[in-house]
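Shown next, in structure tokens, is the structure this report addresses.
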Amino acid sequence: MTTVTDRDVQLLRDALGPLRDREQVAARLLESSAKHSFDPDKELDWESPIEEGKWFWPPELVSLYDTPLWRKMSQEQRMDLARHEAASLASLGIWFEIILMQLLVRHIYDKSVTSNHVRYALTEIADECRHSMMFARMIEKGGTPSYRVPRVYHNMARVLKAVSTTPGSFAATLLGEEILDWMQRLTFPDERVQTLVRGVTRIHVVEEARHVRYAREELRRQMVTAPRWEQEFTRLSCGEAARVFSVCFVNPQVYENVGLDRRQSVAQVKASGHRREVMQTGARRLTDFLDDIGVLRGAGRRLWKSSGLLA
């Protein structure tokens with residue numbers, strides 16, 4: 001069996017150009033982590049009261065926005081739905097981050113513990129621990145329940161964590177990070193939104209930028225060096241992850257909790273051109289990247305289209 005070394009990889013390239021040295025990338029990310037990392041418990045004012053008249057999520061990003069049902073809802077009910085959807089998204093984020101942490105530990109298990117690459121992975125795991133606690137605290141502050149994904153997908157993730165290939169792990173990581181990141185970049189400068197929520201999203205955006213860079217660089221490397229069967233399996237698993245992600249993005253229980261009919265609400269979200277545009281726009285930077293490096297092909301691409309995240 002031929003082993004691909006870092007020296008060999010430096011001579012390889014993909015559609016985006018030459019692959020970068022893994023250790024140099026990690027060193028730069030470690031420098032950035034040292035300068036731009038946050039302790040949410042100290043950075044954010046958790047004791048301030050909820051601000052009257054402010055949203056927990058930008059209204060344009062709420063699932064029912066601009067539907068017939070939305071137009072019938074009172075402003076109070078719209079804001080209540082935004083509060084519950086923010087909690088649903090935070091709950092989804094925690095679920096994804098716990099999966100991501102386990103996949104990162106698997107990735108570095110056989111690698112040199114003194115390498116920059118492993119040091120950065122451990123740094124990212126520490127970031128994700130803080131993010132998960134921050135999201136949980138935000139849910140509590142908003143006075144809503146946490147929203148777990150359906151049991152079938154919760155258990156499906158156990159299988160994913162057991163069988164995921166390394167490139168599949170990084171593709172799923174990007175799926176969980178980049179769409180929410182796009183939404184959060186719209187949220188933290190929005191003065192209509194609660195100050196606490198803006199602070200949470202600002203911290204997450206700054207630190208996730210490093211995580212995205214790490215995952216993108218490693219996925220490029222893996223898609224160049226992985227055997228063909230692993231590349232094909234990655235395309236399929238990534239497509240299935242996109243389908244599950246789109247189904248779980250907003251827990252339908254949020255509609256019942258604000259006094260709406262679940263079936264009617266879900267049907268109007270599915271029929272909403274605005275919602276479809278929001279989700280596809282949020283995914284576009286990621287889908288363009290995955291397309292460029294050869295992930296969106298064959299049956300995997302069809303799964304992405306069925307998810308509604310790819311036009």
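Only a predicted model underlies this, so the values are computations on that prediction, with no experimental measurement involved.
The salt bridge (charged side-chain N to carboxylate O under 4.0 Å, His left out) analysis of residues 265-284, with sequence neighbours excluded, yields no pairs. The ring pair (Phe, Tyr, Trp, His ring centres under 6.0 Å) analysis of residues 186-205, with sequence neighbours excluded, yields the pairs His131-His204, Phe135-His204. Among residue pairs with one or both ends in residues 165-188, those qualifying as salt bridge (charged side-chain N to carboxylate O under 4.0 Å, His left out) are Glu178-Arg216, Glu178-Arg285, Asp181-Arg185; sequence neighbours excluded. Pairs engaging residues 234-277 under the ring pair (Phe, Tyr, Trp, His ring centres under 6.0 Å) rule: Tyr65-His274, Phe96-Phe245, Phe245-Phe249 [sequence neighbours left out].
Annotation: side-chain hydrogen bond (donor to acceptor under 3.5 Å, both in side chains) contacts of Thr114 (sequence neighbours excluded): Ser112. Listed by chain and residue number, Arg220 satisfy the salt bridge (charged side-chain N to carboxylate O under 4.0 Å, His left out) test with Asp14 (two or more places apart in sequence, or in another chain). Every residue two or more places apart in sequence or in another chain was checked for a side-chain hydrogen bond (donor to acceptor under 3.5 Å, both in side chains) with Arg202, and none qualifies. Asp41 is linked by a side chain to side chain contact (heavy atoms under 4.5 Å, CB included) to Asp39, Trp46, Arg137, counting only residues two or more places apart in sequence or in another chain. Considering only residues two or more places apart in sequence or on other chains, Arg71 meets the salt bridge (charged side-chain N to carboxylate O under 4.0 Å, His left out) condition with Asp66.
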Show me the donor-acceptor pairs within less than 3.5 Å that the side chains of residues 78-86 make with the rest of the protein, sequence neighbours left out.
{"residue": "Arg78", "atom": "NE", "partner": "Trp70", "partner atom": "O", "Å": "3.0"}
{"residue": "Arg78", "atom": "NH2", "partner": "Trp70", "partner atom": "O", "Å": "2.9"}
{"residue": "Asp80", "atom": "OD1", "partner": "Arg83", "partner atom": "NE", "Å": "3.2"}
{"residue": "Asp80", "atom": "OD1", "partner": "Arg83", "partner atom": "NH2", "Å": "2.5"}
{"residue": "Arg83", "atom": "NH1", "partner": "Gly142", "partner atom": "O", "Å": "2.7"}
{"residue": "His84", "atom": "ND1", "partner": "Tyr147", "partner atom": "OH", "Å": "2.6"}
{"residue": "Glu85", "atom": "OE1", "partner": "Ser63", "partner atom": "N", "Å": "3.0"}
{"residue": "Glu85", "atom": "OE2", "partner": "Ser63", "partner atom": "N", "Å": "3.4"}
{"residue": "Glu85", "atom": "OE2", "partner": "Ser63", "partner atom": "OG", "Å": "2.4"}

Without placing hydrogens or testing angles, list every side-chain donor-acceptor pair under 3.5 Å for residues 304-311, not counting sequence neighbours.
{"residue": "Ser306", "atom": "OG", "partner": "Leu303", "partner atom": "O", "Å": "2.7"}
{"residue": "Ser307", "atom": "OG", "partner": "Trp304", "partner atom": "O", "Å": "2.5"}
{"residue": "Ser307", "atom": "OG", "partner": "Leu309", "partner atom": "N", "Å": "3.1"}

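Annotation: side chain of Arg130 is in contact with side chain of Ser37 (closest heavy-atom distance under 4.5 Å).
Environment of CZ in Arg119: sparse, with no more than 12 heavy atoms of neighbouring residues, nucleotides or ligands closer than 6.0 Å. For CD of Gln75, the number of neighbouring non-hydrogen atoms (other residues, nucleotides, ligands) closer than 6.0 Å is greater than 12.
Donor-acceptor pairing under 3.5 Å is lacking for the side chains of Thr166 and Gln222. If you check the side chains of Ser169 and Arg106, you find no donor sitting under 3.5 Å from an acceptor.
Remark: the backbone N or O of Glu51 is paired with a side-chain donor or acceptor of Gln194 at under 3.5 angstrom. Remark: side-chain polar atoms of Asn116 are not paired, donor with acceptor, to backbone N or O of Val25 under 3.5 angstrom.
Through direct or relayed side-chain contacts under 4.5 Å between Ile, Leu, Val, Met, Phe, Trp and Tyr, Tyr109 connects to no other residue.
Taking 4.0 Å as the cut-off between side-chain N and carboxylate O, Arg297 and Glu232 do not count as a salt-bridged pair. Under 4.0 Å is where a charged nitrogen must lie from a carboxylate oxygen, and between Glu217 and Arg213 at least one such pair does.
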